[in-house]
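Down below is the structure, laid out as structure tokens.
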Number of protein chains: 2
Amino acid sequence: MEERRAAQKAAIDAADRLFYARGIQAVTMDELRAETGISLKKLYSLFDSKQAILLAVLAHRHELWTSGIARAAGAVSTPRDKLLSVYDFLHGWFTDGNYRGCGFINAFGELGATVPAVALAARKQKDSFQRYVAGLVEQAGAPASLAPQLAILAEGAQTTAAISGSADAAHSARDAAEILIDAALQR
Amino acid sequence: MEERRAAQKAAIDAADRLFYARGIQAVTMDELRAETGISLKKLYSLFDSKQAILLAVLAHRHELWTSGIARAAGAVSTPRDKLLSVYDFLHGWFTDGNYRGCGFINAFGELGATVPAVALAARKQKDSFQRYVAGLVEQAGAPASLAPQLAILAEGAQTTAAISGSADAAHSARDAAEILIDAALQR
DNA sequence: TAAAGTTGAGAACATTCGTTCTCTATCCAA
DNA sequence: TTGGATAGAGAACGAATGTTCTCAACTTTA
């Protein structure tokens, strides 16, 4: 049953690409079949439903995000630099050519009201990021109120970059974060 | 043809409520008919298509937003306070009981990739807000780089509040904005 | 008053799409 | 080799939905 895992992963990767690029309801199961080469019968043996695929995609995206910001933070040493590395990571993402906003926010807007599990997945993802930032803020010795401010900058940069189509928002957010961090530390 | 206008407005208001609360594709034309009491035939005589209704809804939302922040700014006098009034306006919106994120971002995530006019409407809205903030920043005598930072805070507060379900983001964003404005002014 | 035109309600249509079903081919055991 | 079971491909099903069509009611005008 190792190839089952591999097939699931292939399906999740393809679904992630398609859902993210075009929206969830805009992608049909038949397109996922064409993209993966996995027959409908097989897809439905790997997952209960399209919704189950979506939830797996969101879980996968959560891991990508978590490992991405961890890797960026790993390249620097101080808590302050680790906090700022978030915005560098965002800049890399914004300029990778396929950026179309935060997948969780997109899924939340499209399906959050009708599929509670989607709203929950989005909330979990944002909670997790808030805690990550809060941990670094504490390590930096700054007041806890700084954390949501920095998280809000990251969120805002994502939507601004998505809609404007420009990666500048990452720089603006980074500059703002620097000012906020320094102001919070020298008090 | 005055009642035609009135019927269009009623349809737009109802569609706005439904689309915003549940997502666009989750609302059927038949539900809009039930909500408005306007027959399908009539709806299709008032608008070319569901998509045309959506575009009218987005235009309507743009006006609501523009007049909302203008009203909030009208209650105070200095450019600095006008800038901060944006976040007070947001707080009021977040706590009105029906808040589910920025309608433009939701529409962008759901349909931006498949309906270019939706992506365009979202971009226009965000552009317009950026220019509004930039104007106030200039009046305040602060460097232009402050404007995108403040706009990003507003965007981030909207998505954070939507997903977390809490209005705290408005306060965090306001506090951050105050720090950024003051830092930008005393240089 | 009567005929012609207009409007409206909602039934109907055609398409789309998630999901299931059928039939075929392959593989393994005896 | 053969019989049986498993898995896969893709045709088929049934529900949902945007849009149009039909027919009846009403209004207007001569």
Side-chain angles (χ1 to χ4, degrees), chain A residues 1-12 14-58 106-107 109-118 121, chain B residues 1-12 14-58 106-107 109-118 121:
Chain A
M1 289 304 108
E2 185 45 53
E3 61 187 288
R4 182 182 164 85
R5 268 285 138 94
Q8 281 176 328
K9 180 169 163 28
I12 289 171
D16 188 21
R17 255 178 289 124
L18 292 174
F19 288 169
Y20 181 68
R22 311 229 313 274
I24 295 145
Q25 293 172 95
V27 176
T28 69
M29 289 298 290
D30 202 60
E31 282 176 289
L32 185 58
R33 176 199 58 72
E35 179 83 6
T36 57
I38 303 173
S39 75
L40 287 173
K41 177 89 185 277
K42 180 87 194 206
L43 281 173
Y44 276 94
S45 84
L46 296 171
F47 301 94
D48 281 349
S49 61
K50 185 181 181 184
Q51 183 179 317
I53 297 176
L54 171 60
L55 294 177
V57 163
L58 293 180
N106 291 350
E110 182 172 351
L111 295 172
T114 36
V115 185
V118 168
Chain B
M1 289 303 107
E2 186 45 53
E3 60 186 290
R4 181 182 165 84
R5 267 284 138 92
Q8 282 176 327
K9 177 166 166 28
I12 289 171
D16 188 21
R17 256 179 288 125
L18 293 174
F19 288 167
Y20 181 67
R22 311 230 312 274
I24 295 145
Q25 293 171 95
V27 176
T28 69
M29 289 297 290
D30 202 59
E31 282 176 289
L32 185 57
R33 176 199 58 71
E35 180 82 6
T36 57
I38 302 173
S39 75
L40 287 173
K41 178 89 184 279
K42 180 87 196 211
L43 281 173
Y44 276 94
S45 84
L46 295 172
F47 301 95
D48 281 348
S49 62
K50 186 182 181 183
Q51 182 177 319
I53 296 175
L54 170 60
L55 294 177
V57 163
L58 292 180
N106 292 351
E110 182 171 351
L111 295 171
T114 36
V115 185
V118 168

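Given the structure is predicted, the values throughout are model-derived calculations rather than measurements. Any value given below was found using the heavy atoms of this structure, including those in side chains, with hydrogens, waters and symmetry copies removed. Reminder, nothing fancy here: chain letters follow the sequence lines and each chain counts from 1.
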Which atom pairs link the protein and nucleotides 15-19 of chain D when you take only N or O atoms and keep those under 3.5 Å?
unit_1: D:dG18; atom_1: OP1; unit_2: B:K50; atom_2: NZ; d: 2.9
unit_1: D:dG18; atom_1: OP2; unit_2: B:M29; atom_2: N; d: 2.8
unit_1: D:dT19; atom_1: OP2; unit_2: B:Y44; atom_2: OH; d: 2.4
unit_1: D:dT19; atom_1: OP2; unit_2: B:K50; atom_2: N; d: 3.0
unit_1: D:dT19; atom_1: O5'; unit_2: B:Y44; atom_2: OH; d: 3.2

Please give, in whole Å, the distance from [N] [atom2] to [X] [atom1]?
X	N	atom1	atom2	value
A:L43	D:dG10	CG	P	13 Å
B:L46	C:dT7	CG	C1'	12 Å
A:L32	D:dG10	CG	P	15 Å
B:I38	C:dT7	CD1	C1'	14 Å
A:E31	C:dG18	CD	C1'	13 Å
A:R4	D:dG8	CZ	C1'	15 Å

Item to check | Short side-chain N/O contact from B:K41 to OP1 or OP2 of C:dA9, under 4.0 Å | outcome: no

Checklist entry - Given C:dA9, is OP1 or OP2 found less than 4.0 Å from the side-chain N or O atoms of B:S39? => result yes

Checklist entry - Of all residues at least two apart in sequence or in a different chain, which pass the salt bridge (Lys or Arg N to Asp or Glu O under 4.0 Å) check with A:K9? => result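 Listed in chain order: A:D13.
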
Checklist outcome for this item: salt bridge (Lys or Arg N to Asp or Glu O under 4.0 Å) pairs touching residues 33-47 of chain B, sequence neighbours excluded, are B:R17-B:E35, B:D30-B:R33

Item to check | Residue pairs involving residues 45-58 of chain B (criterion salt bridge (Lys or Arg N to Asp or Glu O under 4.0 Å); sequence neighbours excluded) | outcome: none

Next on the checklist: The criterion is side-chain contact (heavy atoms from CB on, under 4.5 Å); which residues satisfy it with A:A117, sequence neighbours excluded?
Outcome noted: A:L55, A:V115

Item to check | Pairing residues for A:Q51 by the side chain to side chain donor-acceptor pair (under 3.5 Å) criterion, not counting sequence neighbours | outcome: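 Testing A:Q51 for side chain to side chain donor-acceptor pair (under 3.5 Å), a comparison that skips the adjacent residues, returns none.
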
Checklist entry - Nearest 0.5 Å, what's the CG-CG distance between A:L43 and A:L32? => result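 So the gap between those two atoms works out to 5.0 Å.
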
